[in-house]
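Values in this document were obtained by computation on a predicted structure and should not be read as measured data. Naming convention: chains lettered A, B, ... in sequence-line order (proteins, then strands); numbering from 1 in each chain.
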Amino acid sequence: MKFNEIEKKWQNYWESKKSFEAINGTQKPPYYILVEFPYPSGSGLHVGHVRSYTAQDALARMKRMQGYNVLYPMGWDAFGAPAEQYAIKNHIHPKEAVQENIKTFKKQMKTLGFSFDWSREFATTDPDYYKWTQWQFLQFYKNGMAYKDTIPVNWCPKCKSVLSNEDAAGGVCERCGSKVVQKEKSQWMLRMSDYSEDLLTGLEDTNFAERVKLGQINWIGKSIGANINFKIDGTDKEFTVFTTRCDTLFGATYCVLAPEHEYILDITAKDKLDEVKAYIDKCATKNEMERTELNKEKTGVFIGAYAINPVNQEKIPIYISDYVLASYGTGAIMAVPAHDTRDYEFAKKFDIPIIQVLEEVTGVPKEEESFKNSIVAIVHNPKDGKYLTINWGKNGGRLFVGGTRCDGESAVDCAVREIAEETGYTDLELIGEDFKINHHYYAYNKDKYFEIEATPILFELKSDKREKQKLDEDENFEVEWVDKKVVEKEVVYELHKKSFEYVLDPGAMIGDGIHINSGFLNGLNKQEAIDKMIEWLEENGCGEKKVNYKMRDWIFSRQRFWGEPIPMIYCEKCGWVPMKEEDLPLLLPDVAEYEPTEDGESPLANITDWVNTTCPCCGGAARRETDTMPNWAGSSWYFLRFMDPHNDKAFASMDAMKYWNRVDWYNGGMEHTARHLLYARFWVQFLYNIGLVPNKEMIWTRVSHGMVLGSNNEKMSKSKGNVINPDDIVKEYGVDTLRVYEMFMGDYQMDVSWSTDTLRGCKRFLDKVIRLYDKVEDKKGFTASLEMIQNKTIKKVTDDLLNLGYNTAISALMILANNYDNLESISKDDYNLLLTLLNPIAPHVTEELNEMIGYSPICEGKWPVCDESKIVEEEKEIAVQVNGKVRATINIRVDEEEESIKEKALKAENVIKHLDGKEVVKIIVIKGKIVNIVVK
RNA sequence: GGGCGUAUGUCGGAAUUGGUAGACGAGACGGUCUCAAAAACCGUUAGUAGUAAUACUGUGUGAGUUCAAGUCUCACUACGCCCACCA
């Protein structure tokens, strides 16, 4: 039989037998496997889809054989912009395009033999489904979790359309290339930020992959810092700043308020008012893109007022600048230019003092050290770009000029003196001093440990004028000018290396170190100082510990047609009124024009029949909300619906949800690990808090797969011509080959590129399995010589299918098949075992071969269990190392005594050779693993 | 700029979690079968030297910990993804 006939035959069999339908409430233990439902795009199934669906399918098939009631559902995340764009162009309702695409997807999925429970299929665009999405929105609203706020949106004046951040990347409309502007819009918001802490702690009740958890943690962005109150000089007013670096408070040399800050005009000096107002107005007209543009020159205005630094009562100037965001923290910062990049740039531009309060530490601090002030002098010759170094050769390598400061001598004076003494050059121009470094070292000539505070200083050479060097007797070095490459390669001493980096690329010192110029913080590192400063602030009533989250509330409105209508009505008299629950679903109207309005309202706003309605509260004339929900809405709870998909009384019954309990295994793309997963968890936690779902976390394990790239290692795309269509592969090689290949191609969690060569190798493997049929004899039981490898393979495959080790599972099966192939004949049971283990990945061909030997269908049978007693090895070959190098191997019994292993190891021929003339110091025996003989 | 991840033969990738690096597959080369080809089968395949036994080198770079490092620690480089004036 041809493989396509075999495939059809078994697919029909499964369908007619309803082999994969999950039944709510059976006695079997439930197991819920979920894979992200796709957006049914026009281009059909991607080979990437095939990879994750096959992986989960293999797990589902194994779990069923292990006796679980497996729920492995599939549906469609079918709202979204592409369908709407298509509809605008072709003047048809998006739902028609969506239906067409779903048909294609479903046909492809069926061809690939995925064991989805199709009886539970739905699309987010089904009114029966989005009715409940709308209903849940009403619950958010009724519990005070949904509110309206005015938010700037990306607006393309040419397309007359609101753009997502993605479509507006770089401030340019992705579709037409025109410049994106900001437009204020009143939007629905969900109070997601209220759940920041719960979403963080909830992770402990999940089994998400570590990198997935990290993604969530970073997105939530909890930072523990401090609020610090600054009094405004000469007034009784004060303002509060948020900082994560309160340890640097002694280095604060100015403050900055966001242009939107509420106090500004109250505290601005009279003669500065016009200037300040002008700046505020200018910022207001700038769009978010312009304001957040990278590498932009800093702008700002001094407002003529001063703040009092609470820790040292210093008067420091207050500026306003748009690099401070009103929406984060308190909308005001204390600026520490020495230790913050943005503050540094601003201070340089406005010539504000920079005070270093933290020193980087190099070398290793020791107990008893002598202290010195010193310098590292770097001299640059602008004529040829070379740097002045002194080369000590074997006695210290290449260094810059360095030296110790005499009493009362400034760092620069010291540097000038040392340069003259050691190299003779005197005609220098000072370029700059950089941040001091705290360095620890051991001086051989003095046999002493030193701690030095070293100042890196950069000079330019003005002329070759040179005097005689004044060298001590022991100063025996060459003065050499070398270029930057040589410096980077040969100046390896940490202090000098760092100094060079500092002066070459001056900027804020961001890292950890020890505090200086900081009163009671001196000598402490960053974390110690933060803790101590928070303590001090709280004791002195001028600040407090403050937790901040990056995560904001969820902007829940989209100015689009093809989304769930938001079931809210605006009445002049009653304000915003929710629709009555019994009137849901609020259907999308059936029209054929979806042009957005002139002013960026959703296309729904044009459909007056639909918009105009009556107020559910007073019965008067009212208008519907015309914005729709974001794509994320429907996908935030679809996994609950799969538990009870046909319920018309509730989104899912509590009984059904309690039976399935939660999603045991959820797989999807890495790109969704932050946002989709966070939205879904937020949604569930809210439903839990109002008593509608049984668990606070409804997803247990989450794993993310890597992408399937084109054979050229780039993302598959039509324009690059590297797209592989799964249909073509199926036609030429068969479904099972494609499935085996996609599981074998590489580490499941990492990106892999397509290789048709390797695909052929998988075909060969399946051909070999088919050929093995000719070796099957009508014998009873298992072939004795195969039992060990068989049981090892059972164990390996079972473990691997549960741990994403699909590629190694297949490799183990290949080894088993090779073992079979080496024999003259095998038994039916031998053959059936191989077929069963391979069945989850290659279900069609294995069922067929299994039927040919007269066995009943694998999918109705039991998954084999490893007999541990059969895999105990008695003898083992282990390596013998001499000084860590393998010199021989010896055979030992697994339970062999250490003494006897030692004896054998020492007798091995090649070992004897390597012991010759050496003294054995130690013999390390790791039982059953390795012997290492240490010799001198 | 930040966060996360990755780096192993010609290629995709293994490595019992610190214990014989390169499993399995691909490709290449040589052979068997054949009039021939395909398929299949057998052999070789990290590098260098050697007929061989064997020796040396070798998991992005540099240091370190250890009897022992692909695996742990630190620094660096390159690439990928996500985020980004987040204080």
Which nucleotide in the set [options] lies at the smallest distance from any side-chain heavy atom of [X]?
| X | options | result |
| --- | --- | --- |
| A/Asp757 | B/C4, B/A87, B/G27 | B/G27 |
| A/Glu877 | B/U20, B/A87, B/G25 | B/U20 |
| A/Thr889 | B/U17, B/A87, B/U20 | B/U20 |

Value in whole Å for how far the [atom2] atom of [N] lies from [atom1] of [X]:
| X | N | atom1 | atom2 | result |
| --- | --- | --- | --- | --- |
| A/Leu813 | B/A23 | CG | C1' | 14 Å |
| A/Lys763 | B/A26 | NZ | P | 14 Å |
| A/Ile224 | B/C86 | CD1 | P | 19 Å |
| A/Ile770 | B/A40 | CD1 | C1' | 14 Å |
| A/Asp340 | B/G2 | CG | C1' | 13 Å |
| A/Lys929 | B/G19 | NZ | P | 6 Å |
| A/Lys876 | B/U20 | NZ | C1' | 11 Å |
| A/Asp767 | B/A38 | CG | C1' | 13 Å |

Are the side chains of [X] and [Y] in touch, meaning some heavy atoms are under 4.5 Å apart?
| X | Y | result |
| --- | --- | --- |
| A/Ile354 | A/Thr253 | no |
| A/Lys775 | A/Leu823 | no |
| A/Lys550 | A/Trp219 | no |
| A/Met533 | A/Leu249 | yes |
| A/Lys904 | A/Val880 | no |

Rounding to an integer number of angstrom, what distance separates [N] and [M] when you compare their [atom1] atoms?
| N | M | atom1 | value |
| --- | --- | --- | --- |
| B/C74 | B/U48 | C1' | 33 Å |
| B/G27 | B/A38 | P | 13 Å |
| B/A53 | B/U32 | C1' | 30 Å |
| B/U59 | B/U44 | P | 26 Å |
| B/U20 | B/G25 | C1' | 22 Å |
| B/A63 | B/G13 | C1' | 29 Å |
| B/G1 | B/A15 | C1' | 37 Å |
| B/G60 | B/G2 | P | 24 Å |

Side chain to side chain donor-acceptor pair (under 3.5 Å) for A/Thr808 and A/Asp800? Distances and angles first, verdict last.
CA-CA 7 Å; A/Thr808 46; A/Asp800 280 353; 2.8 Å; yes
Side-chain N or O of A/Arg342 versus OP1/OP2 of B/G1: is the shortest distance under 4.0 Å?
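Checking A/Arg342 against B/G1: no side-chain N or O falls below 4.0 Å of OP1 or OP2.
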Pairing of A/Arg771 and A/Asp767 as salt bridge, 4.0 angstrom limit
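Looking at A/Asp767 together with A/Arg771, the answer is no, because their closest N to O distance does not fall below 4.0 Å.
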Salt-bridge contact A/Glu732-A/Arg760 (side-chain N to carboxylate O under 4.0 Å)
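Looking at A/Glu732 and A/Arg760, the cut-off is not met.
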How should the glycosidic conformation of B/U10 be described, syn or anti, under the criterion that syn lies within 90° of 0?
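Anti, which is what one calls it when the glycosidic angle falls more than 90° from 0.
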Syn/anti state of B/G9 by chi, 90° boundary around 0:
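Here B/G9 takes the syn form, which means its glycosidic angle is within 90° of 0.
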For the backbone of A/Thr240 and the side chain of A/Asn229, can you confirm whether one donor and one acceptor N or O come within less than 3.5 Å of each other?
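No, because the side chain of A/Asn229 does not come within donor-acceptor range (under 3.5 Å) of the backbone of A/Thr240.
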Is a donor on one side and an acceptor on the other found under 3.5 Å between the side chain of A/Asp751 and the backbone of A/Gly706?
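The answer is no, because no donor-acceptor pair under 3.5 Å joins these two groups.
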Indicate the ring-plane relationship of [X] and [Y], choosing parallel, tilted or perpendicular according to the 30° and 60° boundaries.
| X | Y | answer |
| --- | --- | --- |
| A/Trp754 | A/Tyr741 | perpendicular |
| A/Phe346 | A/Tyr254 | parallel |
| A/Trp554 | A/Tyr679 | parallel |

Answer yes or no: side-chain N or O of A/Lys298 and base N or O of B/C85 forming a donor-acceptor pair under 3.5 Å.
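In this structure, the two groups form a donor-acceptor pair.
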Atom pairs and distances, side-chain donor-acceptor, residues 926-936 of chain A, under 3.5 Å, sequence neighbours left out:
from, atom 1, to, atom 2, distance (Å)
A/Asn932, OD1, A/Gly884, N, 3.1

Under 3.5 Å for both distances, Watson-Crick or G-U wobble, that's the pair rule; now give the dot-bracket for RNA chain B, with | marking pairs to another strand and [ ] for crossing ones.
(((((((..(((......[....)))((((((.......))))))((((....))))..(((((..]....))))))))))))....
Between N or O atoms, less than 3.5 Å apart, protein on one side and nucleotides 11-15 of chain B on the other: list the pairs.
from, atom 1, to, atom 2, distance (Å)
B/G12, O2', A/Met745, O, 2.5
B/G13, O3', A/Asn807, ND2, 3.4
B/A14, OP1, A/Asn807, ND2, 3.0

Can you list every salt bridge (charged side-chain N to carboxylate O under 4.0 Å, His left out) pair that touches residues 909-922 of chain A, not counting sequence neighbours?
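Qualifying pairs, neighbours excluded: none.
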Tabulated below should be each protein N or O lying under 3.5 Å from an N or O of nucleotides 41-44 of chain B; please produce it.
from, atom 1, to, atom 2, distance (Å)
B/C41, OP1, A/Arg771, NH2, 3.2

By the 4.0 Å heavy-atom rule, please label A/Gly221 as base, sugar-phosphate, or nothing.
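Answer is nothing: A/Gly221 stays at 4.0 Å or more from every strand.
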Report the residue (A/Gly331 or A/Trp219) whose heavy-atom-nearest nucleotide on RNA chain B is the more 5′ of the two.
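Its nucleotide being nearer the 5' end, the pick is A/Trp219.
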Mark up nucleotides 50-74 of chain B, 5' to 3', with B wherever a protein heavy atom is under 4.0 angstrom from a base atom, S wherever such an atom reaches only the sugar-phosphate, and - elsewhere.
----SSSS---------BS------
Do we get A/Lys298 above A/Tyr323's six-membered ring, with its NZ or CZ under 6.0 Å from the centre and within 45° of the axis?
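A/Lys298 over A/Tyr323 ring: yes.
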